[in-house]
Amino acid sequence: MINMNQYYNQKRKRIIITPGEPAGIGPDIVIMALQKKWPVELVICADLNLLLDRAKKLQLPLTLQPYYINTTTSYKSHSASILHIPLANTVTPGQLDTTNNHYVLKTLNRAAYGCINGEFSALVTGPVNKAIINQGGISFSGHTEWLAKISKCKKTIMMLSNKKMRVALVTTHIPISAVSSYITQKSLIDSITILTQGLQKYFNILKPTIYVCGLNPHSGESGYIGQEEIKIIIPTLNHLKQKNNHCHIIGPLPADTIFQKKYLSHADVILAMYHDQGLPVLKYSGFGKSINITLGLPFIRTSVDHGSAINLSESGVVKCNSMIIAIKTAINMIKNNAKKIL
Ligand SMILES: NC(=O)C1=CN([C@@H]2O[C@H](COP(=O)(O)OP(=O)(O)OC[C@H]3O[C@@H](n4cnc5c(N)ncnc54)[C@H](O)[C@@H]3O)[C@@H](O)[C@H]2O)C=CC1
Ligand SMILES: NCC(=O)COP(=O)(O)O
């Protein structure tokens, strides 16, 4: 039986968008993306006046109608529904302010709980500034970890994607000194399982081919440059290769040579061991045209590939391609998942 939230969401798919850090470019890229006509209802979870002021400064048209759960709005360009969450303090673009941290997290929490309870079909996030949230006394390492906590998920997967490649990570926002301790049999099995299920469910890839990076230079050089491959990664992958029929696993391969055409043309995804092993390659191949997807949550979440770029807020030189691709990908993920439910 569906509840009232799900009923109104099913009538017209709703996507909730959080613009993120109010002093950064999040509001700018959301307003820019709203200049297009979208085939779903977009609900912006933010301060109404922040968006109207920013649109004025950017000289872009914007119409925002109050969001009501039991009415749906028509799809028009430069318009959206607004789920108003008031700012704590007036925003000066380009100036981070800890007093607005709770606002940022309130928008995120409201949007995430709305996805969990079926009110929205997907969450698209704009960039937050992790440092200012921590500076205000709240421990925050990223949306990925925050949403996992809210959703009570022990493990999720960060996967970035563009036209050339997908890159997923075993570990996310942790210090480099801690990475090795997070590379365990369990974390590898969980990562590959979540990745496989996510690619099947949302991208229609029935048996994904996953190329896996080693951790150490040259994948440990037979144990002479690090032992993690011999002790953990190779035995775990061998175990999965024998037991797991749901995906093709290749590796571990040295991270410095895995990102070449002959592998990428066969790989559905490259699984890197840590953030800066995989993401610089992906961002070099398409920064601003890539997106970030969290797999393993009980709802769809996509995001931009860039940060809050506070130096560019209101500058008018900001690019919104990543936000547009994040919304389009969320729509496709909703469609692919719906086909499986029917
Ligand atoms: N999804 C999210 O919430 C993300 C948040 N961040 C956070 O953002 C903050 C700033 O991070 P940075 O490392 O400085 O990365 P950044 O992506 O904000 O900026 C890197 C460079 O790219 C430029 N840039 C970024 N987005 C752009 C756009 N849409 N159009 C034109 N130029 C753009 C910036 O001006 C800067 O020169 C950090 O707190 C970081 O943790 C970073 C990545 C993703
Ligand atoms: N490098 C990706 C990034 O920092 C975004 O992380 P998240 O906020 O989406 O967890």
Side-chain angles (χ1 to χ4, degrees), residues 17-33 45-46 54 58 93-98 100-101 104-105 107-109 111-112 122-136 138-151 153 155-162 166-176 272 274-284 286-297 299-327 329-330:
I17 302 180
T18 53
E21 168 53 49
I25 62 169
D28 307 41
I29 55 172
V30 170
I31 294 162
M32 290 163 81
C45 190
R54 192 69 56 91
L58 295 172
Q95 278 182 34
L96 295 168
D97 176 356
T98 51
N100 278 324
N101 284 345
V104 171
L105 295 175
T107 63
L108 193 56
N109 292 350
L123 165 63
V124 177
T125 56
V128 297
N129 187 289
K130 303 178 187 51
I132 195 73
I133 299 176
N134 284 282
Q135 210 174 302
I138 303 163
S139 172
F140 182 90
S141 55
H143 288 94
T144 310
E145 299 83 353
W146 188 266
L147 296 172
K149 197 170 163 195
I150 286 183
S151 311
C153 290
K155 173 90 181 151
T156 54
I157 282 285
M158 185 190 289
M159 181 178 83
L160 276 83
S161 120
N162 62 30
R166 294 190 189 92
V167 175
L169 309 177
V170 177
T171 59
T172 54
H173 298 119
I174 54 169
I176 194 78
Y274 58 95
H275 191 277
D276 284 7
Q277 184 180 53
L279 298 194
V281 186
L282 177 126
K283 293 198 180 183
Y284 181 69
F287 184 50
K289 293 180 189 144
S290 310
I291 57 156
N292 179 359
I293 298 161
T294 313
L295 298 175
L297 291 171
F299 56 88
I300 293 167
R301 181 253 172 168
T302 65
S303 187
V304 290
D305 66 352
H306 56 80
S308 48
I310 61 155
N311 56 322
L312 295 185
S313 167
E314 278 189 351
S315 68
V317 301
V318 168
K319 297 199 174 71
C320 68
N321 308 46
S322 183
M323 176 51 81
I324 288 177
I325 303 167
I327 300 171
T329 306

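Every number for a ligand or one of its atoms is a count from 1 in the order of the listing. Side chains are part of it too, since the values below use all heavy atoms of this structure and drop only hydrogens, waters and symmetry mates. Every value quoted in this text rests on a predicted model; they were computed, and no experiment measured them.
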Exercise. What residue and atom, counting heavy atoms only, is the protein's closest point to atom 16 (P) of ligand 1, and at what distance?
Worked result: G307 N, 3.4 Å

Problem set entry | Step-by-step side-chain contact (heavy atoms from CB on, under 4.5 Å) determination, V318 to I29 | CA-CA 7 Å; V318 168; I29 55 172; 3.4 Å; yes

Exercise. Can you find a side-chain donor-acceptor pair between S161 and R166 that sits under 3.5 Å?
Worked result: no

For this session: For S308 and ligand 1, answer yes if some heavy atom of the residue is under 4.0 Å from a ligand atom, otherwise no.
Result: yes

Exercise. Taking non-hydrogen atoms only, is H143 closer than 4.0 angstrom to ligand 1 via side chain, backbone, both or neither?
Worked result: side chain

For this session: Would you indicate whether the side-chain heavy atoms of L147 and L108 approach each other to under 4.5 Å?
Result: yes

For this session: Tell me yes or no: between the side chains of S290 and N162, is some donor less than 3.5 Å from an acceptor?
Result: yes

For this session: Flag K283 as yes when one of its N or O atoms lies below 3.5 Å from any N or O atom of ligand 1, and as no otherwise.
Result: no

Problem set entry | Option from L279, T144, D276 for which side-chain contact (heavy atoms from CB on, under 4.5 Å) with L169 holds | L279

Exercise. For K130, does the NZ atom have more than 12 heavy-atom neighbours from other residues, nucleotides or ligands under 6.0 Å away?
Worked result: yes

For this session: State which residues pass ring pair (Phe, Tyr, Trp, His ring centres under 6.0 Å) with H306; sequence neighbours excluded, sorted by chain then number.
Result: none

For this session: Can you pull out the closest protein heavy atom to atom 27 (C) of ligand 1? Residue, atom name and distance to 0.1 Å, please.
Result: I25 CD1, 3.9 Å

Exercise. For ligand 1, is there an N or O atom under 3.5 Å from any N or O atom of V128?
Worked result: yes

For this session: Test S303 against every option in T125, T294, N292 by the side-chain hydrogen bond (donor to acceptor under 3.5 Å, both in side chains) rule and name the one that passes.
Result: T125

Exercise. How would you list, by chain and number, every residue that makes a side-chain contact (heavy atoms from CB on, under 4.5 Å) with K283, sequence neighbours excluded?
Worked result: L160, F287

Exercise. What is the nearest protein non-hydrogen atom to atom 2 (C) of ligand 1, stated with its residue, atom name and distance?
Worked result: P127 CA, 3.6 Å

Show me the short polar-atom pairs for ligand 2: any N or O of it lying under 3.5 Å from a protein N or O, with distances only.
unit_1	atom_1	unit_2	atom_2	d
ligand 2	1 (N)	H275	NE2	2.8
ligand 2	4 (O)	K130	NZ	2.9
ligand 2	4 (O)	H173	NE2	3.0
ligand 2	8 (O)	H143	N	2.8
ligand 2	8 (O)	H143	ND1	2.8
ligand 2	9 (O)	N292	ND2	3.0
ligand 2	9 (O)	R301	NH1	3.0
ligand 2	9 (O)	R301	NH2	2.9
ligand 2	10 (O)	H143	N	3.1
ligand 2	10 (O)	T144	N	2.8
ligand 2	10 (O)	T144	OG1	2.5

Problem set entry | Heavy atom of protein inside 4.0 Å of atom 14 (O) of ligand 1, strictly below | no

Problem set entry | Test item, S303 contacting ligand 1 (heavy atom, 4.0 angstrom) | yes

For this session: Look at atom 4 (C) of ligand 1 and say which protein heavy atom is nearest, naming residue and atom and giving the distance to 0.1 Å.
Result: H306 O, 3.6 Å

For this session: Decide side-chain contact (heavy atoms from CB on, under 4.5 Å) for M323 and V30; before the verdict, give the C-alpha distance in whole Å, the side-chain angles of both, and the deciding distance to 0.1 Å.
Result: CA-CA 7 Å; M323 176 51 81; V30 170; 3.9 Å; yes

For this session: Show your working on side-chain contact (heavy atoms from CB on, under 4.5 Å) between M158 and H173 and close with a plain yes or no.
Result: CA-CA 10 Å; M158 185 190 289; H173 298 119; 3.4 Å; yes

Problem set entry | ring pair (Phe, Tyr, Trp, His ring centres under 6.0 Å) partners for Y274, two or more places apart | none

Exercise. Counting from 1, what ligand 1 atoms have a heavy atom of K319 closer than 4.0 Å?
Worked result: 28 (C), 29 (N), 30 (N), 31 (C)

For this session: Return a yes/no value: protein heavy atom under 4.0 Å from atom 44 (C) of ligand 1?
Result: yes

Exercise. Do the side chain of T18 and the main chain of G20 share a donor and acceptor less than 3.5 angstrom apart?
Worked result: no

For this session: Write out the residue and atom name of the closest protein heavy atom to atom 24 (N) of ligand 1, then the distance separating them to 0.1 Å.
Result: A309 CB, 4.0 Å

For this session: Can you pull out the closest protein heavy atom to atom 41 (O) of ligand 1? Residue, atom name and distance to 0.1 Å, please.
Result: K130 NZ, 3.1 Å

Exercise. Given the rule in the side-chain contact (heavy atoms from CB on, under 4.5 Å) test, do V128 and H143 qualify, once you have shown the distances and angles that lead to the verdict?
Worked result: CA-CA 8 Å; V128 297; H143 288 94; 3.6 Å; yes

Exercise. Relative to the heavy atoms of N311, which atoms of ligand 1 are at a distance of less than 4.0 Å?
Worked result: 35 (O)

Exercise. Are any of the side-chain heavy atoms of S141 and W146 separated by less than 4.5 Å?
Worked result: no

For this session: Taking atom 33 (C) of ligand 1 as the reference point, report whether a protein heavy atom occurs under 4.0 Å from it.
Result: yes

Exercise. What's the spacing between I17 CD1 and T107 OG1 if we round to 0.5 Å?
Worked result: 12.0 Å

For this session: Please could you name the atoms of ligand 1 that N129 approaches to less than 4.0 Å, counting only its heavy atoms?
Result: 9 (C), 39 (O)

Problem set entry | Protein heavy-atom partner closest to atom 22 (O) of ligand 1 - residue, atom, separation in Å | F287 CE2, 3.5 Å

Exercise. Counting only non-hydrogen atoms of the protein, does one fall under 4.0 Å from atom 37 (O) of ligand 1?
Worked result: no

Exercise. Atom 9 (C) of ligand 1: protein heavy atom closer than 4.0 Å?
Worked result: yes

For this session: For L312, take its heavy atoms, then give the atoms of ligand 1 lying under 4.0 Å from any of them.
Result: 31 (C), 32 (N), 33 (C), 35 (O)

